[in-house]
**Q** 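Mind looking over this structure? Questions follow.
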Amino acid sequence: MKLTGNDLKKIGYAEGKALGLALTIIEREYAAWKPADQLNLLQRVKDDPARYIHDEKLSPLAMEILKPADSTIALEPAGKPYKIYGAEAIEEGAIHQMDIASRLPITVAGALMPDAHQGYGLPIGGVLATKNAVIPYGVGVDIGCRMCLTVYDLPVTLLEDNKEALKKMLVNNTMFGQATFKQPKDHAIFERDEFSDIAVVKGLKDKAWRQIGSSGGGNHFVEFGIVDIPSVADELGLQPGKYLALLSHSGSRGLGATLAAHYTRIAMDVCKLPQEAKHLAWLDLDTEAGQEYWLAMNLAGDYASACHHQIHERMAVGLRSNPLMMVENHHNFAWKEQDASGEEVIVHRKGATPAGKGVLGIIPGSMATPGFIVRGKGVSTSINSASHGAGRLMSRTKAKQTILPGHVNKVLTAAGVELIGSGLDEAPMAYKNIHEVMASQHELVDVLGTFMPKIVRMCGDEKFKEVD
DNA sequence: ATGTCC
């Protein structure tokens, strides 16, 4: 009777290198022993491998058993092909990150938008369709970061004639960064079950309450401007002409940021990937954690929407005008959609605008350049997506080091833009040319109208200070 | 993006 692999499996050896090594050593060194004694020896090594690490015969086996299990999920050698829009203006790092994402075993398809730049895991401007799995960092840190545009039935001459009143309205009714309202407005979202059913969400309810209606930092803004509709746009319900409008860009604040960090940590624990892909760790949607993230992500998205609506409501009170229409869209989110063959896929848009056929969206420019009201064309090679803005031309660090405040102020004056506050890293020259970005994606969206910023508020309560 | 290190 000779010892077999099955005998070893019965005493707890899993299929793998240790099992093979055990059989080899037994055959070579312990052939004279009775099978029962051989098995007994292997059992002892299995139970207490540390005792055998200096054993001249059993050391290799003991070392192998002691080695941490290598459960790393391998990337596919070749990625799924994906289309890059505006490749000539996209940094190398973003394309490298998309290459890695295209090689995940869960990846079905991908696309890179013309405003893409490097992020954590999936690049900003990256779109990734996966099979039954969600990547928290494929959604992004600011879950549900979105745009909201309200067009008012008011003349654009107010922007000049009532400029000071409009500025004051922005200052009094918007809060950025750490600042929050003394009296937050209640909202139906706080009745959602997720706030009681999911422990991590429950712990964030107070913070969400304090921050509702506020805007974030970085590239978030609330601004008055002019919507220009060149020809009749039935889906907007607007006649051609110019309208006073309010555009906001913000996300899910501390709620979304904390949820993103929480579920990314869980994903990285349960989904070990090679170093270069580790931030792309995913949650299987059939697992409890995956389903919980999905609920929490949707809550954060609805909370971001609620924040925008409160911003616009507060402004409407001051304007004493009812909105003619609103357009809004998430651009950091994941959706269950159908691919070209009708299969359900999870589409991650991390800094990308949904652009399914007929879907309306807003693609902002910079504080001194127009944004665009768009209607998706439903192009499958872009996974029904478009860019979410102009995209950064330089990093925040480089912008702060190289851009001169005096130069920014001249550009703003030339564009007729009044700035209440912002950081230098949000200066127009830190961004790519929005017109070139739009040209790179003309096959993805139709432009229905433009929005030119006129009175802008971002995080930071002072204009750019000029120093000698 | 962010209670910017529970």
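Just so you know, these numbers use all the heavy atoms, side chains as well, and skip hydrogens, waters and symmetry mates. In what follows, every chain begins at residue 1, and chains take the letters A, B, ... in the order their sequences are listed.
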**Q** Whole angstroms only, please: what is the NE2-P distance between A:His262 and B:dC6?
**A** 14 Å
**Q** By the 4.0 Å heavy-atom rule, please label A:Gly217 as base, sugar-phosphate, or nothing.
**A** sugar-phosphate
**Q** Could you check whether A:Leu259 gets within reach of a base, just the sugar-phosphate, or nothing at all, counting any heavy atom under 4.0 Å?
**A** nothing
**Q** Report the distance from atom CZ of A:Arg265 to atom P of B:dC6, rounded to the nearest whole Å.
**A** 9 Å
**Q** Should the ring pair A:Phe195 and A:Phe190 be called parallel, tilted or perpendicular, given that the plane angle runs from 0 to 90° and is split at 30 and 60?
**A** tilted
**Q** A:Val156 and side chain to side chain contact (heavy atoms under 4.5 Å, CB included): which partner among A:Asp228, A:Val227, A:Ile226?
**A** A:Ile226
**Q** Take atom OH of A:Tyr120 and atom C1' of B:dT4, then tell me their distance rounded to the nearest Å.
**A** 11 Å
**Q** Would you classify A:Arg396 as touching base, sugar-phosphate or nothing, given that sugar-phosphate means primed atoms plus P, OP1 and OP2, and contacts are heavy atoms under 4.0 Å?
**A** sugar-phosphate
**Q** A:His249 and ring-ring contact (aromatic ring centres under 6.0 Å, His included): which single residue from A:His330, A:His308, A:His331 fits?
**A** A:His331
**Q** At 4.0 Å (heavy atoms only), tell me whether A:Gly216 reaches a base, stays on the sugar-phosphate, or touches nothing.
**A** sugar-phosphate
**Q** Please report the distance, rounded to the nearest Å, between CZ in A:Arg253 and C1' in B:dG3.
**A** 11 Å
**Q** Would you tell me whether A:Glu328 and A:His309 have side-chain atoms, one donor and one acceptor, within less than 3.5 Å of each other?
**A** yes
**Q** So does A:Gln211 get a side-chain nitrogen or oxygen closer than 4.0 Å to the phosphate oxygens (OP1/OP2) of B:dG3?
**A** yes
**Q** Which of the following nucleotides, B:dT2, B:dG3, B:dT4, is nearest to the side chain of A:Lys207?
**A** B:dG3
**Q** Given atom CD of A:Gln178 and atom P of B:dG3, what is their separation to the nearest angstrom?
**A** 6 Å
**Q** Between A:Leu204 (CG) and B:dC6 (C1'), how many Å, whole number?
**A** 13 Å
